[in-house]
Structure formats: C-alpha cells, structure tokens
S.K.: 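Structure provided below as structure tokens; questions to follow.
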Amino acid sequence: MSPQPRHVPAWLDTFTAIAWRVLLVFAAGFVVVVALSHLSVVVVPVIGALFVSAILVPPARWLRRHRWPPLLATLATFLAAAAVVAGIGAWLVPRVTDQWKPLRQSLAQNVDDTRHWLITGPLHLSPSQVDKYANEAKDFLEGRSGAAASNRGSNSSSSSGAAIIGGRLLRGAASGVRFLVHFLAGLVLTIVISFFFVKDGSVMSSWILDQLQPSTAATVQAIGERSWITLTGYVRGTAINGLVNAILMSVGLLLLHVPLVPVIAVMTFFGGFFPIVGAFASGGVAAMVALVTKGPGTALLVVGLTIVVHHVEGYLVGPIVLGRAVRLHTVVVLLALAAGGELAGVLGAFVAVPLTAIVVGIVDELRHGRPARIAAAAAAAEAEAVESAAVEESPLSGEPAAATWSRRSRSTR
C-alpha cells in the first residue's frame, strides 16, 4: 500500500512563494548597490546632475516657451545659476572672515576659564592632570592611536621622529591632492551632465522610449513621468523648506546676537536635504557657537529655537511645499536615512528619502497606473469614434458637424 501524499498547507505555500520573491528582490537590489558603489565616479555626478536639473529645467523650459533656442536657453539658465552662487559666495565670505577672529578669541577665553575652574573649582585638579586630560582628548579627536599618544613622553631619537612626521605629512598631502582631483573631476562631470540633461532631456527620453515596444514604452513613460514629478517636487519643496528654516533660524540668532549667522543659515538650508537629522545638526552647531560666545543660557535658547523651527518645518511648511510629492511617514524617513547612511555614507543619506519616495511611486504606478491608462485609452477611442460618427452624419459633404452647427448658428442670427 503506497503512502498517502503529504499536502502543504495553503498558507505555507503562499508564504514561501512570497518569501522567495522578496529575497530575490532584495538580492538583486544588493547586487545593484554593490555595483554602483564601485562606480561612484559615474554615479555621484549623475545623481548630482539629476538634482541640478530638477532646479534648472523649469526656467529653461520657460525660456523655450518664449521662443528661445534650446542651446541659448540652457546657457542663459546656467549662467544665471552661476551668478547666483557667486553672489552668495561673495556675500558670505567677508562676513565669515570678519566674525571668525572674535570667535577664536572667545573660544580661547572659554578654554582658559574652563581650565581655571578645573584647577580652582570643586574638582581641585592639578595643572599637570588638566594638561594630560586635554592632550588625551585632543588625541582622541584627531584619531591617533594609543601608541602614538604614548610616544609623546618617550625619549625617541629626533631623526626617527622627523621621519615619522615627514611620512605623515607626505601621506596627508597625497591624500589631499587625490581628494581634490576627484572632487574637481566629479564637479566638472556633474556640470556637463546637468547641461545636457537640461538641454536634451526630452530627446534622450524619447530615444529610450523608441527602443521599446509600444505597450512597454507606455509603462516606462508613465513610471518616468511619475519619478520625475516626485524628484522635482522633493527638490523644490525641500529647497523652499530649507530657505524658510534658514530665515527663521537667522532671525532668531540675530535677536540673540549669536555670531556666524550666515554660515549657520547656509548649513540650515542644506541641512533641509537631510530630513530630521539636518535640522538638529545645524541647530547643534548654532548651539555650540552660542555656548562659546554667549554662554550656556543663550545656548539653551538656541536649542529651543531649533526645536521650534523643526516643528514649524514638520507641521506647517513641509506639508504645504512638499504636498503630495513625498508621502512618507516619519518612521520610514528615519529608516531610509539610516539605511542610506549605512550603505553609502553621506551620499546615501542625501538620496535616501527621494529614492524611497520614487520607489513608492513606481510601485503605486505599477499597481494602479496600468488600469487607469487602459481606461483612459478606451475613453479616448470611444470619444474618437463618436466624433467620427458625427462627422459622417453631417448634412454638408466633407464638412465636420461642428462647422455645420457654427454655420447654422450664424445663419439664424
């Protein structure tokens, strides 16, 4: 007698079917992330160009609508953007230079006061202990190893010390030159790609769609339009959000007489592109500056100001300027920032939120967009059929019904 076949429960069959598909999607995503991480020289400029294009495409398109040639419209847009950036830099640098020296003097005075309090205060530390703890803190902040810190008091020869210092200087100089070359190359590539995105973006997208089947091209076009709307809405909304935060923060810091307001305002503006984290980072810098220059009371007021600005951003400005472009819960934003920062550092945190919003939009388009497009196509076909029938039933041969009605209405006047 043959054994009875064992049936897999329906719930387990469904669960395993979903599980292996999810694992496959995550594996494919991991492979893509690893591949892109090895192509950072290309990926970073392309991402930067997309963000720049989201800002510069609308003015260039406006110039084209006013009969400007595409090349001239793109050049004018880029020159205007360069002029704005140069103007901000020319306004910012002198003010930072004027306030930097007083800030250094205040910092030195606060350090001396703290050292005096540690020696004469309730802790009663000796000057040698204070200096030792200060040196250990300095070594920790500079990332030196414990062996390097212990070598401070050793009686090593001057020649070996000079060799070590010389080697560190050479390695630091080489690393700095390498970083500068990569930065300049990436900046130039970003500008060039942005230029062609603004000038020939529609041509590029049309060429890609022409290589696909009509049904696939319609889906890809809908996904591309949805992603572009999400990206442009996020970039513009975040820029407006950051500008409002920078203005509110600047007004509060000016009322509290905190220095370096232009620098903190710029940090607040760009911190808007790192949701939640950026606001507290720029606020932390402002609080540290206030602590050094004005004392703990003003620093606490700056912390309160940061919290107020963050709430204004989250509950008033953000929902208005971002609208429906980015519909993500705060928990999703935090998880996206954490995952992006862990996978790709600062760049990952920078693109995590818009990328997550784009993925959500693509999934929504794939789930609900195709039936809507089919219904719209059927309605358009039905309307065309009705119009054709109306033309055929016109009493005047070869004349549309709308023209016949217009002629009849004029004749009855």
Side-chain angles (χ1 to χ4, degrees), residues 24-58 60 70-71 74-75 77-79 81-82 85 174-212 216-217 219-221 223-236 238-239 270 273-275 278 326 336-363:
L24 185 61
V25 169
F26 274 100
F30 178 77
V31 172
V32 171
V33 170
V34 172
L36 293 180
S37 65
H38 288 81
L39 297 173
S40 59
V41 178
V42 177
V43 174
V44 174
V46 170
I47 293 175
L50 287 174
F51 277 82
V52 173
S53 302
I55 298 175
L56 299 184
V57 162
L71 179 59
T74 306
L75 285 174
T77 303
F78 270 80
L79 289 176
V85 173
S175 177
V177 171
R178 191 162 51 246
F179 172 79
L180 181 62
V181 171
H182 287 173
F183 175 78
L184 292 178
L187 180 62
V188 172
L189 190 57
T190 300
I191 294 174
V192 173
I193 296 175
S194 302
F195 182 87
F196 286 106
F197 278 177
V198 175
K199 177 179 174 291
D200 300 326
S202 58
V203 177
M204 295 178 184
S205 59
S206 298
W207 181 85
I208 293 174
L209 294 175
D210 290 340
Q211 312 306 313
L212 304 174
T216 306
T219 303
V220 172
Q221 182 178 6
I223 291 175
E225 292 175 352
R226 180 74 172 266
S227 302
W228 179 250
I229 291 173
T230 301
L231 178 63
T232 53
Y234 173 80
V235 173
R236 296 171 198 165
T238 304
F270 287 104
F273 289 91
F274 299 88
V326 181
L337 287 172
E342 181 67 22
L343 291 174
V346 177
L347 177 64
F350 183 75
V351 302
V353 176
L355 182 60
T356 304
I358 289 173
V359 171
V360 172
I362 291 174
V363 173

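Computed over heavy atoms, backbone and side chain alike; hydrogens, waters and symmetry mates excluded.
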S.K.: Taking all non-hydrogen atoms of both residues into account, name the closest pair between P45 and V42 and its distance.
M.R.: CD-O, 3.3 Å
S.K.: What residues, two or more places apart in sequence or in another chain, satisfy side chain to side chain contact (heavy atoms under 4.5 Å, CB included) together with V41?
M.R.: none
S.K.: Restricting to non-hydrogen atoms, name the atom on P58 and the atom on R236 that form the minimum distance, rounded to 0.1 Å.
M.R.: CG-NH2, 2.8 Å
S.K.: Give me the atom names and distance for the closest heavy-atom approach of A217 to L209.
M.R.: O-CD2, 3.5 Å
S.K.: G340 and A352: which non-hydrogen atoms are nearest, and at how many Å?
M.R.: CA-CB, 4.3 Å
S.K.: For the CG atom of L71 and the CG atom of D200, what is their distance to the nearest 0.5 Å?
M.R.: 9.0 Å
S.K.: Hey, could you give me the CD1/CZ distance between I191 and F78, rounded to the nearest 0.5 Å?
M.R.: 8.0 Å
S.K.: Return yes if some donor-acceptor pair links the side-chain N/O of T232 with the main-chain N/O of I229 below 3.5 Å, else return no.
M.R.: yes
S.K.: To the nearest 0.5 Å, what is the distance between CZ on F197 and OG1 on T190?
M.R.: 10.0 Å
S.K.: Show the nearest heavy-atom pair for residues S194 and A49, with the distance to one decimal.
M.R.: OG-CA, 3.1 Å
S.K.: Rounded to the nearest 0.5 Å, how far apart are CZ of F195 and OG1 of T77?
M.R.: 9.5 Å
S.K.: Angle class for the F51/F350 ring planes (parallel below 30°, perpendicular above 60°, tilted otherwise)?
M.R.: tilted
S.K.: Applying the side chain to side chain contact (heavy atoms under 4.5 Å, CB included) criterion to I47, which one of V351, I193, L355 satisfies it?
M.R.: V351
S.K.: To the closest 0.5 Å, what do you measure between OG1 (T219) and CD1 (I362)?
M.R.: 12.0 Å
S.K.: Quick check for you: to the nearest 0.5 Å, what is the distance between M204 atom CE and I208 atom CD1?
M.R.: 8.5 Å
